[in-house]
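One structure is given here, and the rest of the page talks about it.
All residue numbers refer to positions in the sequence shown, counting from 1. Predicted, not measured: the structure shown is a model, and the values here were computed from it.
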Amino acid sequence: MVVGEKPLVDTVTQDPRFQQLLNTIDSQISVVWNGNLISLLRSLFAIGLDANNPVLRSVETEVHWRLRRLTFRNLTSLVDFYTGLARTEQQKLLLSDLVKHVELRWAEIADAKAVALLMIKLGHLSSTLMDKLEDKCLELAENFTPDDTRKVMLALAIQSRRSVPLLRALSYHFMQKHLDLKTSVLIDMAFAYGKLNFQQTQVFQRLASELLPRVPELSSLDVMRCTKSFAYLKWLNLPLFEALAQYVHEHCGKMSEVQLCNIIMAFARLNYQPATGEAFFAQIHTRLNGALLQMDPFLLVDLVWSLCILQQVNPLYLSHALKPQLYQRITEGTQSQKRENYKLKLVHINATARLECPDYSGPFLPSQCLYTWVSGGKKKPSPMSAGVREALQSALGDQAKYRCDVDTAYGWVIDGEVLMDSDSKPLDVQDYTASHALQPRGTMPLPPGAKRLALVTREFPNYMSRSRELLGRFAMSRRHLQAAGFLVVDVPYYDWLELKSEWQKVAYLKDKMSKAIGEEMAQ
């Protein structure tokens, strides 16, 4: 009756009759049955007794002594409420021994709800126990309700445990149960699959089809979570995303700036343009323009970068993202990897300002920042990129006729750069000026009719799930290189992996370059 009401709690705990009751319990604690003892401990915590209260400590000590005699059901009940309450050394010791007893007696788990509860409450405390619980999950997966499945999936997602056999089993049995699913189950399942990056098209289709009619009833937070989850999965269901975009359009004024920013970032990841187009983004701009000055700098960079991908950025956003005060805050005092990621995003924003926004007059990033940020974030080439570069070398022979692993001032790496004259014969790359280069190169302008080709590998992670459409980031890279004067020659993974011999790879690259030149001339 008094739980959660502080004045009543204080009144009851200070009442002499309550103190007498506690003293009676303390004097007769050894005769309290196990189940009642666990319920008593739960009640004392619910009332809010101080962790150092003698009676509470006495009850905890009695529970600790009896751990071996408790039934597994008693242990599960104790786990349910005690895991997040351990504060003192005595409480932490009790929790540690509780985990050890569950580890030793895990074979006694007999129902799905218990294993789901234990994964959520104790899984993060013991990887050994989590391994055993995953085995028990596989055994009991057929009996899981959708809510049990949700709890297990969330436990796996929160702990980043990508157990493929278990995820497959949970997905299979989830699809076999044709039950009405709660909206919270659908959204949490989408989150878990996205967090674990586990692809199950049939499950995604079911989640999307069941969420679609419920979108108007969702809260703003649920709309954001749903949009982000499917974006993490790189899975674009057009009817669902149209419904989500319509919700945002209708409820934009009620949504927070953080929610709107996250939805724009999700749309950008999938390169998704709402059907309402300009009207949708006009409303977004109206809502966000006044919040830019107070916005967290990292969130601001994410927002502007996403609008660049969607080609919806304007000079106001660019000027906020590229002003020195902001990028100095971004690049100082943060984690190394995070710093490198945001530096690269700022370079992409700067490239958009120079290549796609003729009405933008500044500020821009200094050339020294471009050089140090781009070259500082360099990564080792993937096996596919290395293979494309070797094939290009075989195709052209003379090293003066091509350059590999080219860093550009736009933040994109070109796997191979080739110059072709008007007769489609390669030219010496080093002899000619290159506005895209980080450092000055060459002195001669390109001859009339010459073409500058950029070979870019497009690997499996660059595409949306079950699609040959590029994700937003890589669609923007293609646009930037084209705006910089390149003929972009994409080398997609689904073509490259079919080529087995060296001569096939060389012939493929030659054919791709010829087709790119031919298409450009035809235009």
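- Taking the ring pair (Phe, Tyr, Trp, His ring centres under 6.0 Å) definition, one finds that F204 meets it with Y193, W235, sequence neighbours left out.
- Legend: side-chain hydrogen bond (donor to acceptor under 3.5 Å, both in side chains) pairs involving residues 178-187, not counting sequence neighbours, sorted by first then second residue: T183-R214.
- Under a cutoff of 6.0 Å and an axis angle of 45°, K505 and Y508 do not form a cation-pi pair.
- The distance from atom OG of S465 to atom CZ of F460, rounded to the nearest 0.5 Å, is 6.5 Å.
- Proximity of a side-chain donor or acceptor of K177 to a complementary backbone N or O of E142 within less than 3.5 Å is detected.
- A donor-acceptor distance shorter than 3.5 angstrom exists from the side chain of R206 to the backbone of F174, with no hydrogens or angles considered.
- Distance check, rounded to the nearest 0.5 Å: CG of L509 to CG of L453 gives 11.0 Å.
- For Q430, there are no side-chain hydrogen bond (donor to acceptor under 3.5 Å, both in side chains) partners, not counting sequence neighbours.
- Contact check for M265 versus L299: side-chain heavy atoms found under the 4.5 Å cut-off.
- Here the side chain of S394 pairs a donor or acceptor atom with the backbone of E390 at under 3.5 angstrom.
- To the nearest 0.5 Å, atom CD of residue Q504 and atom CD of residue E498 are 9.5 Å apart.
- When the ring pair (Phe, Tyr, Trp, His ring centres under 6.0 Å) test is applied to Y410, no partner is found at least two apart in sequence or on another chain.
- Within a 6.0 Å sphere centred on CE of M175, other residues, nucleotides and ligands contribute more than 12 heavy atoms.
- When side chains are defined from C-beta on, I330 does not count as touching R339, because their heavy atoms never get closer than 4.5 Å.
- Although no hydrogens or angles enter the test, the distance criterion places no donor-acceptor pair under 3.5 Å between the side chain of D428 and the main chain of D431.
- Of all non-hydrogen atoms in R287 and C252, the two that sit nearest each other are NE-O, 3.2 Å.
- Judged by the 6.0 Å and 45° rule, R354 forms a cation-pi pair with F364.
- D398 places no side-chain N or O within 3.5 Å of a backbone atom of K401 that could act as its donor or acceptor partner.
- The number of heavy atoms from other shown groups lying within 6.0 Å of NZ (K515) does not exceed 12.
- Between Y247 and H251, the ring-plane angle classifies as parallel under the 30° and 60° cut-offs.
- In this structure, R479 contributes its side chain and I309 its backbone to a donor-acceptor pair below 3.5 Å.
- Annotation for Y232: atom OH does not count as buried by contact number, only 12 or fewer foreign heavy atoms lying within 6.0 Å.
- Remark: the backbone N or O of V488 is not paired with any side-chain donor or acceptor of R478 at under 3.5 angstrom.
- Looking only at distances, a side-chain donor or acceptor of N262 sits under 3.5 Å from a matching main-chain atom of V258.
- No more than 12 heavy atoms of other residues, nucleotides or ligands shown are found within 6.0 angstrom of CD on Q399.
- Considering only residues two or more places apart in sequence or on other chains, H285 meets the ring pair (Phe, Tyr, Trp, His ring centres under 6.0 Å) condition with Y317.
- Take H173 and apply the ring pair (Phe, Tyr, Trp, His ring centres under 6.0 Å) test, not counting sequence neighbours, and it matches no residue.
- Annotation: E459, atom CD; neighbour count of heavy atoms from other residues, nucleotides and ligands within 6.0 Å is above 12.
- Remark: M384 CE to T457 OG1 distance equals 5.5 Å, nearest 0.5 Å.
- Listed by chain and residue number, R150 satisfy the side-chain hydrogen bond (donor to acceptor under 3.5 Å, both in side chains) test with D147 (two or more places apart in sequence, or in another chain).
- Applying the side-chain hydrogen bond (donor to acceptor under 3.5 Å, both in side chains) test to residues at least two apart or on different chains, the pairs with a partner in residues 271-281 are E242-Y272.
- Between M255 and I263, the closest side-chain pair of non-hydrogen atoms falls below 4.5 Å.
- Considering only heavy atoms from C-beta on, S477 stays 4.5 Å or farther from V456 through its side chain.
- Atom CD of E250 sits in a crowded spot, with more than 12 heavy atoms from other residues, nucleotides or ligands closer than 6.0 Å.
- For the 3.5 Å distance criterion, the side chains of Y360 and N314 fail to qualify, holding no donor opposite an acceptor.
- The list of salt bridge (charged side-chain N to carboxylate O under 4.0 Å, His left out) pairs with a residue in residues 217-235, not counting sequence neighbours, reads D188-R225.
- The salt bridge (Lys or Arg N to Asp or Glu O under 4.0 Å) check on K136 picks up E139, with sequence neighbours excluded.
- The number of heavy atoms from other shown groups lying within 6.0 Å of CZ (R466) does not exceed 12.
- Ion pairing between R161 and D131 holds under the 4.0 Å rule for side-chain N and carboxylate O.
- Scored by the side-chain hydrogen bond (donor to acceptor under 3.5 Å, both in side chains) test, R403 finds no partners at all (sequence neighbours excluded).
- With R389 contributing its side chain and C404 its backbone, the two residues share no donor-acceptor pair below 3.5 Å.
- At a cut-off of 3.5 Å, with distance as the only test, a side-chain donor of D148 or T145 sits close to an acceptor on the other residue.
- Geometrically, R468 engages Y494 in a cation-pi contact, judged by NZ or CZ lying under 6.0 Å from the ring centre and within 45° of the ring axis.
- Considering W373, F298, W305, Y327 as possible partners of Y342, the one that fulfils the ring-ring contact (aromatic ring centres under 6.0 Å, His included) test is F298.
- Applying the side-chain hydrogen bond (donor to acceptor under 3.5 Å, both in side chains) rule to Q311 yields no partners; only residues at least two apart in sequence or on another chain are considered.
- Paired with Y493 under the rule side-chain contact (heavy atoms from CB on, under 4.5 Å), one option of L497, D495, V491 passes, and it is L497.
- Here M295 contributes atom CE and D302 contributes atom CG; the two are 10.5 Å apart, rounded to the nearest 0.5 Å.
- A distance of 6.5 Å separates CG in L470 from CG in D490, rounded to the nearest 0.5 Å.
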